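Notes follow once the structure below has been shown.
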Amino acid sequence: MIYLSFGLSNPWGQPFDNLWNRSGLITCHLAWEAELCVVKTLIGFEINYTRRQSHAGLTVEVSLFGRSISFQIYDTRHWNHKTGAWEVHL
């Protein structure tokens, strides 16, 4: 896992509100999502990359003056830690 984050919050800002959201499938097990939100962050940046866990993938988020835009590409499957493989549902 790689996780980098920086943020400067505004404690008097508006509560979280989702302004816009779109998502879809790229392949059978790979999905994407993009969203625009109102947040309490004045300026911020976050990047998160995961593997071998449920919904593993890449997330990038940028926040500026109380607005945040994020984009993620992730696996829709769940990871089974006992078998070390993706769960299979028949």
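All values reported here derive from a predicted model rather than from experimental measurement.
In this structure, Y74 OH and S23 OG are separated by 6.0 Å, a value rounded to the nearest 0.5 Å. In this structure, the separation between CG on N80 and OG on S54 is 9.0 Å, given to the nearest 0.5 Å. Going from atom CZ of R67 over to atom CG of L42 covers 12.0 Å, rounded to the nearest 0.5 Å. Taking OG1 of T50 as the reference point, atom CG of D75 lies at 9.5 Å (rounded to 0.5 Å).
One hydrophobic cluster holds both L58 and F45 under the rule that ILVMFWY side chains link at heavy-atom gaps under 4.5 Å. Taken together through direct or relayed side-chain contacts under 4.5 Å among Ile, Leu, Val, Met, Phe, Trp and Tyr, M1 and W79 form parts of separate hydrophobic clusters. Both L4 and V62 are part of a single hydrophobic cluster, where members link through side-chain heavy atoms under 4.5 Å apart. Residues L36 and F16 fall into different hydrophobic clusters, defined by Ile, Leu, Val, Met, Phe, Trp and Tyr side chains chained together at heavy-atom separations under 4.5 Å.
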- Is there a side chain to side chain contact (heavy atoms under 4.5 Å, CB included) between I73 and I26 once you walk through the steps? CA-CA 9 Å; I73 295 177; I26 297 170; 4.2 Å; yes
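The local environment of CZ in F65 is sparse, with at most 12 non-hydrogen atoms from other residues, nucleotides or ligands closer than 6.0 Å.
The side-chain heavy atoms of E33 and N21, taken from C-beta on, include a pair separated by under 4.5 Å. Inter-residue side-chain proximity for V38 and L19 is flagged as met; some heavy-atom pair is nearer than 4.5 Å. Counting only heavy atoms from C-beta outward, the side chains of W32 and L25 never approach each other to under 4.5 Å. Using a 4.5 Å heavy-atom cutoff, the side chains of E46 and F6 are not in contact. By the 4.5 Å heavy-atom criterion applied to side chains, E61 and I47 are not counted as neighbours.
Judged purely by atom type and a 3.5 angstrom limit, T41 has no side-chain atom pairing as donor or acceptor with the backbone of G44. Remark: the backbone N or O of C37 is not paired with any side-chain donor or acceptor of S68 at under 3.5 angstrom.
Nearest heavy atom pair, residue H81 against residue R52, reads CE1-O, 3.9 Å. Closest approach of T76 to A31, counting heavy atoms only: CG2-CB, 3.7 Å. Across all non-hydrogen atoms, the minimal contact from Q14 to K40 is O-CG, 3.2 Å.
By the side chain to side chain donor-acceptor pair (under 3.5 Å) test, H55 pairs with H78, sequence neighbours left out. The side chain to side chain contact (heavy atoms under 4.5 Å, CB included) check on R51 picks up Y49, with sequence neighbours excluded.
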